[in-house]
**Q** 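Following this message is one structure expressed as structure tokens.
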Amino acid sequence: MLKEIIEPLLDWYDANARVLPWREEPSPYRVWVSEIMLQQTRVEAVKPFFDRFLESLPGVKELAECPQDRLLKLWEGLGYYNRVRNMQNAARVVMEKYDGRMPENYEALLELPGIGRYTAGAISSIAFGIPVPAVDGNVLRVMSRLTMDEDDILKQSVKSRWEREIGGMMPQDRPGAFNQALMELGAVVCVPNGTAKCGQCPLEAFCMAREAGRIRDFPKKAPKKQRKIEKRTVLILLAGNRTAICKRPENGLLAGLYEPLNLKEHLSREQILNYLKERHISALHIQEAEESKHIFSHKEWHMAGYIVKVEEPLGRETDDIIFVEREERKKNYPIPSAFRAYMKYM
DNA sequence: AAATCGGGGAT
DNA sequence: ATCCCAGATTT
């Protein structure tokens, strides 16, 4: 019976829970921010961002009122930037609809932008003590191994089934600890890729995959499709001590962030000159920089870089291009990691 | 149901 | 190189 895992799991968690910034004082806002940051992102990656974010935006009101550039700058390098844009939209709803206080209710949390079933369950259980499940990738891996479940954990139907299963066995007195214990076990003991540390697992005696010596065979996952390769041409425009950056569109990849000129395909010097001429930018000199590859989850950019010295623009702007000094750029403009190779020129 | 959306660390 | 992460939203 699966319910037998509850007590040994909670005992293990009490003795082994990691000390994490968001566990010190699990207020609804702090739990919310941590859960959004932790979506598809490891604990170690989130650590440097969490305290800085909380210090800069200590509450729902500050988050709701924060200018977008400053908000994205706090998220710069974390990835999946719509997470923080959605969270700000949710903060504005919380201000207007709930008088600035997070709703103490799973269904109401689920309605907020950026909060899905997992995050609503995590906030409900950890911050409010509501006995609802929080099923993430860790939990699915642990459960699939415990029961040798052959189903593909990427399927929504399988996640729903485990939510129902776990929802029916929540310890009513410690739902937050139980959810975190399952995730913690998956994160530090029942780790992916067949390297599980079964000797340290409090559930070893209950684990069917362990008994069968088949930990490596679980969880089952459908193979993922190949990434698309996109050729890009990146132009580092230098005008005196200023460089050119452009704001990306409000939707889609890297929405709202800034970047150097980033053009489709690999362009010849002639094509580059034509492009600049059409935008009334006088190029004085073009120098090849290194090529660079950046891998996203579903596509790759193969970038050819050029350093282009241009005449000082009369005003500050040409079209949507802004010329800024290095220190101002570093302080105020969020730029994706994809351009890391070229930042030394800017 | 499938595609989109980042980045980095482990293997 | 491949995997995968305290997932959500859009198509």
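Below, chains carry the letters A, B, ... as their sequence lines are ordered, and counting in each starts from 1.
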**Q** Could you tell me if the ring centre of His294(A) sits under 6.0 Å from that of Phe296(A)?
**A**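 Judged by ring-centre distance (under 6.0 Å), His294(A) and Phe296(A) do meet the cut-off.
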
**Q** Gly252(A) near the nucleic acid: base, sugar-phosphate alone, or nothing, with a heavy-atom cut-off under 4.0 Å?
**A**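 The answer is sugar-phosphate, as Gly252(A) gets under 4.0 Å only of primed atoms, P, OP1 or OP2.
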
**Q** Nearest whole Å is fine: how far is dC5(C) P from Arg83(A) CZ?
**A**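 Going from CZ in Arg83(A) over to P in dC5(C) covers 14 Å.
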
**Q** Using a heavy-atom cut-off of 4.0 Å across all strands, would you classify Tyr118(A) as base, sugar-phosphate, or nothing?
**A**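 Contact class for Tyr118(A): base.
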
**Q** Using whole Å, what does the distance between atom P of nucleotide dA8(C) and atom CG of Asn86(A) come to?
**A**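 The answer, rounded to whole Å, is 11 Å.
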
**Q** Using the P atom as the point on both nucleotides, what is the distance between dT9(C) and dG8(B), in whole Å?
**A**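 Comparing P positions in dG8(B) and dT9(C) gives a spacing of 24 Å.
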
**Q** Less than 4.0 angstrom between a side-chain N/O of Thr119(A) and OP1 or OP2 of dA6(C), yes or no?
**A**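 Looking at the OP1 and OP2 atoms of dA6(C), neither is under 4.0 Å from any side-chain N or O of Thr119(A).
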
**Q** Counting side-chain heavy atoms from CB outward, which of dC5(C), dC4(C), dG6(B) is closest to Tyr81(A)?
**A**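 Looking only at heavy atoms from C-beta outward on Tyr81(A), the closest nucleotide is dG6(B).
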
**Q** How would you label the contact of Arg141(A) with the nucleic acid (heavy atoms, under 4.0 Å): base, sugar-phosphate, or nothing?
**A**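 It contacts sugar-phosphate atoms only.
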
**Q** Before giving the answer on side-chain contact (heavy atoms from CB on, under 4.5 Å), spell out for Leu78(A) and Thr41(A) the whole-Å C-alpha distance, their side-chain angles and the decisive distance to 0.1 Å.
**A** CA-CA 8 Å; Leu78(A) 250 191; Thr41(A) 309; 3.9 Å; yes

**Q** Checking all strands, does Leu20(A) fall into the base, sugar-phosphate, or nothing category for heavy-atom contacts under 4.0 angstrom?
**A**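 Here Leu20(A) touches the bases of the nucleic acid.
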
**Q** Between dT11(B) and dA6(C), how far apart are the P atoms? Round to whole Å, please.
**A**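 To the nearest whole Å, 14 Å.
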
**Q** If the cut-off is 4.0 Å, is Asn179(A) near the phosphate of dA6(C), judged by side-chain N/O to OP1 or OP2?
**A**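 The answer is no; no side-chain N or O of Asn179(A) sits under 4.0 Å from OP1 or OP2.
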
**Q** Can you work out whether Lys293(A) or Lys159(A) has the more 5'-proximal nearest nucleotide on DNA chain C?
**A**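 Checking each residue's closest nucleotide, the 5'-ward one belongs to Lys293(A).
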
**Q** Rounding to an integer number of Å, can you tell me how far Lys225(A) NZ sits from dC3(C) C1'?
**A**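 Atom NZ in Lys225(A) sits about 18 Å away from atom C1' in dC3(C).
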
**Q** Would you say Arg85(A) reaches dC5(B)'s phosphate, i.e. side-chain N/O to OP1/OP2 under 4.0 Å?
**A**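 No, outside the criterion.
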
**Q** Please determine which of Arg232(A), Arg227(A), Lys231(A) meets the salt bridge (charged side-chain N to carboxylate O under 4.0 Å, His left out) test together with Glu300(A).
**A**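 When salt bridge (charged side-chain N to carboxylate O under 4.0 Å, His left out) is applied between Glu300(A) and each of Arg232(A), Arg227(A), Lys231(A), only Arg227(A) qualifies.
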
**Q** Under the salt bridge (charged side-chain N to carboxylate O under 4.0 Å, His left out) criterion, do Lys247(A) and Asp69(A) qualify, and how do the steps go?
**A** CA-CA 10 Å; Lys247(A) 189 176 172 68; Asp69(A) 286 356; 3.7 Å; yes

**Q** Main chain of Ala205(A), side chain of Arg210(A): is a donor-acceptor contact present, judged purely on distance under 3.5 Å?
**A**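 Looks like no, no N/O pair under 3.5 Å.
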
**Q** If you take the centroid of each ring, where Trp contributes its six-membered ring, are Phe49(A) and Trp75(A) closer together than 6.0 Å?
**A**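 That pair fails the under 6.0 Å test.
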
**Q** Quick check for you: among dA6(C), dC5(B), dC5(C), whose closest atom lies nearest to any side-chain atom of Lys221(A)?
**A**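 Per side-chain heavy atoms of Lys221(A), the pick is dC5(C).
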
**Q** According to a strict under-4.0 Å criterion, is Gln39(A) in side-chain N/O contact with OP1 or OP2 of dG7(C)?
**A**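 For dG7(C), neither OP1 nor OP2 has a side-chain N or O of Gln39(A) closer than 4.0 Å.
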
**Q** Which residues in residues 46-76 of chain A have at least one heavy atom lying under 4.0 Å from any atom of DNA chain B?
**A**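 By residue number: none to list.
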
**Q** Both Lys299(A) and Ser157(A) contact DNA chain B. Taking the nearest nucleotide for each, which residue is further toward the 5' end?
**A**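 It is Ser157(A), whose closest nucleotide lies nearer the 5' terminus.
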
**Q** Between the side chains of Glu230(A) and Lys228(A), is the shortest nitrogen-to-carboxylate-oxygen separation below 4.0 Å, so that they form an ion pair?
**A**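 Salt bridge between Lys228(A) and Glu230(A), a charged N being under 4.0 Å from a carboxylate O: no.
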
**Q** Please step through side-chain contact (heavy atoms from CB on, under 4.5 Å) for the pair Met169(A) and Ile5(A), ending with a clear verdict.
**A** CA-CA 10 Å; Met169(A) 59 182 271; Ile5(A) 71 170; 3.9 Å; yes

**Q** With a 4.0 Å limit, can you tell me whether Ser337(A) has a side-chain N or O closer than that to the phosphate oxygens OP1/OP2 of dG8(B)?
**A**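 Checking dG8(B) against Ser337(A), a side-chain N or O does come within under 4.0 Å of OP1 or OP2.
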
**Q** At less than 3.5 Å, do the side-chain atoms of Arg42(A) and the base atoms of dC4(C) form a donor-acceptor pair?
**A**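 For Arg42(A), whose side chain was compared with the base of dC4(C), there is a donor-acceptor pair (under 3.5 Å).
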
**Q** Assign each of Leu254(A) and Asn193(A) to its nearest nucleotide of DNA chain B by heavy atoms, then name whichever residue's nucleotide is nearer the 5' end.
**A**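 Mapping each residue to its closest nucleotide by heavy atoms, the 5'-most match is Leu254(A).
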
**Q** Both Arg18(A) and Leu112(A) contact DNA chain C. Taking the nearest nucleotide for each, which residue is further toward the 5' end?
**A**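 By nearest-heavy-atom nucleotide position, the 5'-most residue is Arg18(A).
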
**Q** Please pick, from dG6(B), dA6(C), dG7(B), the nucleotide with the shortest atom-to-atom distance to any side-chain atom of Gln180(A).
**A**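 Of the options given, the side chain of Gln180(A) lies nearest dA6(C).
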
**Q** Pick the P atom in dG6(B) and in dT11(C), then give their distance to the nearest Å.
**A**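 Comparing P positions in dG6(B) and dT11(C) gives a spacing of 15 Å.
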
**Q** Hey, is the main chain of Asn332(A) close enough, under 3.5 Å, to the side chain of Arg70(A) for a donor-acceptor pair?
**A**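 Checking the backbone N and O of Asn332(A) against the side chain of Arg70(A), no donor-acceptor pair under 3.5 Å is found.
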
**Q** Establish, with yes or no, whether the OP1 or OP2 oxygen of dC3(C) is under 4.0 angstrom from a side-chain nitrogen or oxygen of Lys224(A).
**A**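 For dC3(C), OP1/OP2 do not have a side-chain N/O of Lys224(A) under 4.0 Å.
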
**Q** Nearest-Å distance, CZ (Arg340(A)) to C1' (dG6(B))?
**A**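 Value for this atom pair: 12 Å.
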
**Q** Quick check on dG7(B): is either OP1 or OP2 less than 4.0 Å from any side-chain nitrogen or oxygen of His294(A)?
**A**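 Checking dG7(B) against His294(A), a side-chain N or O does come within under 4.0 Å of OP1 or OP2.
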
**Q** What does Val43(A) touch in the nucleic acid at a heavy-atom separation under 4.0 angstrom: a base, only the sugar-phosphate, or nothing?
**A**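 Base, at least one base atom sits under 4.0 Å.
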
**Q** Can you find a side chain N or O atom of Asn82(A) that sits less than 4.0 Å from OP1 or OP2 on dC5(B)?
**A**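 Indeed not, no polar side-chain atom of Asn82(A) lies that close.
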
**Q** Let me know the distance between CD of Gln226(A) and P of dT4(B), rounded to the nearest Å.
**A**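 Rounding to the nearest Å, CD of Gln226(A) and P of dT4(B) are 14 Å apart.
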
**Q** Decide yes or no, distance alone: a donor-acceptor N/O pair under 3.5 angstrom between the base of dG7(C) and the side-chain of Thr41(A).
**A**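 Answer is no: no donor-acceptor pair is held.
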
**Q** Quickly work out the Gln156(A) CD to dA1(B) C1' distance and round it to whole Å.
**A**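 After rounding, the reported distance stands at 10 Å.
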
**Q** Select base, sugar-phosphate, or nothing to describe what Ile115(A) touches, counting heavy atoms under 4.0 Å on all strands.
**A**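 Sugar-phosphate, no base atom in range.
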
**Q** Would one find a side-chain N or O of His298(A) under 4.0 angstrom from OP1 or OP2 of dC5(B)?
**A**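 Checking His298(A) against dC5(B): at least one side-chain N or O falls below 4.0 Å of OP1 or OP2.
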
**Q** Calculate the interatomic distance between Ile153(A) atom CD1 and dA1(B) atom P; express it in whole Å.
**A**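 Value for this atom pair: 16 Å.
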
**Q** To the nearest angstrom, how far is Leu154(A) atom CG from dA1(B) atom P?
**A**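 My rounded result for the distance is 12 Å.
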
**Q** If a pair satisfies side-chain hydrogen bond (donor to acceptor under 3.5 Å, both in side chains) and one of its residues is in residues 117-130 of chain A, list it, with sequence neighbours excluded.
**A**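 The answer is Glu35(A)-Tyr118(A), Gln39(A)-Thr119(A), Arg117(A)-Ser160(A), Arg117(A)-Glu163(A), Ser125(A)-Asn179(A).
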
